[in-house]
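Just so you know, these numbers come straight off a predicted model, no measurement behind them.
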Amino acid sequence: LHYTGEALVPHKDLLHRTLEACFALARQSGCLGIGEGASQMVSVLLGALVAYYPVDQYRAVGAVDGCPGKPEEWVCDPASLEAQGAAIAWHMPSPQEVVFAEELLEAHMERPIREIQQECGGGTGEDGGTGGSAEAAGGGGKERKEQARVWLLQMEGALGARSSIRDFAGGPAAEGGDAASTPRGEYALVGQAGVLVGAAGLRERAAHALHLLVAQQVHSADAESLLLLMHVIDDLLSCGRREYTDWQQSYQAWRSDAALLTQPKVSMEPPAGLSDAMEISGAADSESEWRPRTARPRWLVVERAFLTMLWRASQAAYFRDIPRRDAKEAGEAYLTLFQDVLMLSQHKYKAVRQVAPPVLSRCFKRYPQLPATVLPPLLRALNGQSETGKQHDDSEEAVLGACTVLSGRVMCRHTMRVTEALKALLLALLGSAHHNTIKAQGAIVDLFTVISRRFSRMAAERSDEASAAVAATRKVIMEMLAAPASTSMHWRYTLMANILLLFFLRPRGRESPEDATALATHALQQAQAPLASVRPLGCTMLALLLKAPFKPLTTPTPSASSSRPTWRPRVLFAEATEEELANRSSSTEAALSAARAVLLQQGAGGEVLKEMMSMLALDHSQVGASGAGSARGSMGGTLGLGSRMLKLICNAREWPRGRQVATEAAQFWPLHVKIFKQLARAAPAEVMVQLRAPLEAACRSEERPQQCIAAE
């Protein structure tokens, strides 16, 4: 039945009866395979009737009758086909084909919609559900379940007309189909893969019917029906999805064929047919007009033209607002079904939760306003709060679905662009500690990892409002970290909070003196924390705070005898004024004063640096565990992360600049060296007094970790 076109019209009565018998048999027997076969048949029939496609793709070019051994002539592009008398013949649907397609849509789209509205118009999911309550009702519940499956299969087959079915109100294919009736700037034939069929508002009525089915099936235990429902919703909301899928699969096959059936650019004379065309158009006045081009068989060029048309049709609904830059909002029917998909993304069945996020992603790409509307309910599912903020919901399925949607590319891009959204997301992450299941905590950690990889400092310094939101977020995080021991966070959330503080840190003296003092005190405390994964974060934060600000650039005056151009090094923050540089110096001095104050708290007892040395020595505990220079263990991997983070943020070279044997063997950490260097610059006398006794003890020790920290 593929690409049969007008030859189907004389047999439409037989085809109607065949389809009705198949769907009736699927309803009676409960065999899903029969219904799927009939649904695919409806899809193929509609594609053959209303779609544009080449009908002479494999016609030979230049072959002579009676000479089967002569090879056909190859062509360069679709434009040269007409010059060689081999133009593409496209299937243009006739009025009889359009009538047949309308009859198929009436039988397998309009009629199921009316039946769904009659059957489920008053259902709320608890009254007419087909899950456990329906199964307890006996045969009636089973019949309703099979009937619902047949409705969905019929609608799935009818949606095989693809973008030929009129789009939702405001879409490129919703008002008209010919170029004469299309306003200037809108899509006409380019961007359509077939003639428009179906009544106006067909997709809106189908969306309402599917919304009723979702309300009926949401509490069902029938996972197959829910998955089928999700596929139909995807085809209805994502106009052009099937065209894009076909193009994606066929284009890979086309590239494989083209790699083997493409003539290289070695011809210095144009082919015979193209030469005649150049003479007719007057482009062959000189030999310089010709450039060697690749040549391929005609069927391969025709297939590429067809695939290009499919790609244009798949993108028409997504790029319709780009020329005018005034993106329209989604209609009520679209938003209603979209909210149903959002609800199903947090369903109890994993298979349903996995199908929903791609559908939401395609909806986000079509309507960029939607991510802002779905963020609040997703964050409420993450932190377990209701709209009033009082009740807590520890549903594992809700947090799993919310984390999957929030980790998508479109949602991550939205949170990185809108600072308030980023602030709300980070606070919801830190407030999700009440989820105590392994799967929920694993999803939360995965979401935090995705956000960490996509975080950009530009998102936190875009404007004054962004800086204020970042400051408020950091204040909340500092208050959470300063909580008493009885209400302190889990170590995993302590680690996440310190990572966020490090992300929001403005190095090289760009913090205010008050913030620099608080952060330096906190960083010095974290550097001697018992949690191994937090220590490198505290060391990195302290190294960034105590690092001296950049000096202003001075342009040297070139000498008269020198003709060499003046070289200016690339230095960050070179555009800073003298006042800004003075503020940065005061910020660094405030951080140094805070570190000095912490060192002086214990007096001459040396408790701070002694505790710090003992904790940092634990980072070398894997050294020598299984021989000299053993492989780096988990502690080394954690410290390697901190060292790489310092190198990336500070734009610093690795030190020492020599043989890297000790560094690679986890025996020497440059991050520790930088910390002791900065502390010695802050308070040299106090550091000398406090480090003398523990350093002498570490030098006399025979333990390898103590020797490593002594060397650092």
Side-chain angles (χ1 to χ4, degrees), residues 19-20 22-28 30 32 34-36 38-39 42-43 46 102-131 133-135 137 139-161 165-166 168-169 197-239 331-341 343-344 347 352 355 359:
L19 290 172
E20 290 292 339
C22 288
F23 284 120
L25 182 59
R27 184 184 302 108
Q28 295 171 6
L32 192 61
I34 298 177
E36 290 176 348
S39 175
V42 175
S43 178
L46 287 172
E102 295 281 0
E103 293 175 356
L104 288 173
L105 287 179
E106 171 64 28
H108 305 290
M109 192 74 170
E110 295 280 8
R111 190 171 63 187
I113 290 175
R114 292 192 296 267
E115 294 176 355
I116 291 173
Q117 291 175 349
Q118 293 174 3
E119 180 72 20
C120 309
T124 60
E126 297 177 359
D127 301 334
T130 60
S133 60
E135 292 176 1
K142 184 176 181 181
E143 290 177 2
R144 288 198 299 270
K145 181 179 71 174
E146 299 302 334
Q147 181 63 62
R149 286 186 178 183
V150 170
W151 287 333
L152 292 174
L153 289 171
Q154 284 181 300
M155 296 179 68
E156 185 181 23
L159 288 172
I165 299 180
R166 301 179 187 274
F168 288 92
V197 292
L202 179 58
R203 287 185 183 263
E204 283 81 354
R205 294 193 298 274
H208 178 65
L210 291 176
H211 171 65
L212 295 177
L213 279 181
V214 169
Q216 185 187 60
Q217 297 281 343
V218 66
H219 300 292
S220 171
D222 185 11
E224 292 184 356
S225 298
L226 288 172
L227 290 176
L228 182 58
L229 179 60
M230 286 297 304
H231 287 306
V232 177
I233 293 176
D234 191 10
D235 288 337
L236 187 66
L237 294 181
S238 306
C239 186
E332 182 181 357
Y334 194 96
L335 289 177
T336 301
L337 203 56
F338 173 79
Q339 293 295 334
D340 292 338
V341 179
M343 177 184 60
L344 290 174
H347 198 267
V352 180
V355 174
V359 183

Report the C-alpha distance between Glu119 and Arg144 in whole Å, list the side-chain angles of each, state the deciding distance to 0.1 Å, and finish with yes or no for salt bridge (charged side-chain N to carboxylate O under 4.0 Å, His left out).
CA-CA 9 Å; Glu119 180 72 20; Arg144 288 198 299 270; 5.1 Å; no

Any side-chain heavy atom of Ile116 within less than 4.5 Å of one from Leu210?
no

Arg149 side chain to Arg27 main-chain N or O, any donor-acceptor pair under 3.5 Å?
no

If you compare all heavy atoms of Gly30 against all heavy atoms of Glu146, which two are closest, and at what distance to 0.1 Å?
CA-OE1, 3.4 Å

Shortest non-hydrogen contact from Leu213 toward Cys120:
CD2-SG, 4.2 Å

Tell me, yes or no, whether the heavy-atom count around Glu332 atom CD, taken from other residues, nucleotides or ligands under 6.0 Å, exceeds 12.
no

Charged N-O contact under 4.0 Å between Glu106 and Arg114:
yes

For a 4.5 angstrom cut-off between non-hydrogen side-chain atoms, does Glu36 reach Leu153?
yes

Does any part of the side chain of Glu156, heavy atoms only, come nearer than 4.5 Å to the side chain of Asp235, both counted from C-beta?
yes

Beyond-backbone contact of Glu110 with Arg205, side-chain heavy atoms, under 4.5 angstrom:
yes

What one should report as the nearest heavy-atom pair of Trp151 and Pro112 is CD1-CB, 4.0 Å

Which label fits Phe168 and Tyr334: parallel for a plane angle under 30°, tilted from 30 to 60°, or perpendicular past 60°?
perpendicular

Might you point out which heavy atoms bring Ala207 and Ala333 nearest each other, and give the distance in Å?
CB-O, 4.0 Å

Determine whether Leu344 and Val355 make a side-chain contact, defined as any pair of heavy atoms from C-beta on separated by less than 4.5 Å.
no

Quick one: list whatever passes side chain to side chain contact (heavy atoms under 4.5 Å, CB included) with Ala223, sequence neighbours left out.
Tyr349

Is the backbone of Arg166 close enough, under 3.5 Å, to the side chain of Arg203 for a donor and an acceptor to pair up by distance?
yes

Under the 3.5 angstrom rule, does the side chain of Glu102 hit a backbone N or O of Gly198 as a donor-acceptor pair?
yes

Scanning both residues in full, the closest heavy-atom pair of Leu202 with Met109 reads CD1-CG, 3.9 Å

Looking at side-chain heavy atoms only, is the closest gap between Glu20 and His108 below 4.5 Å?
yes

Within a strict 4.5 Å, meaning less than it, do heavy atoms of the Leu19 and Leu104 side chains meet?
yes

Are any non-hydrogen side-chain atoms of Val214 and Ile233 less than 4.5 angstrom apart?
yes

Determine the minimum heavy-atom distance between Gly160 and Ser43, stating which atoms define it.
CA-OG, 3.3 Å

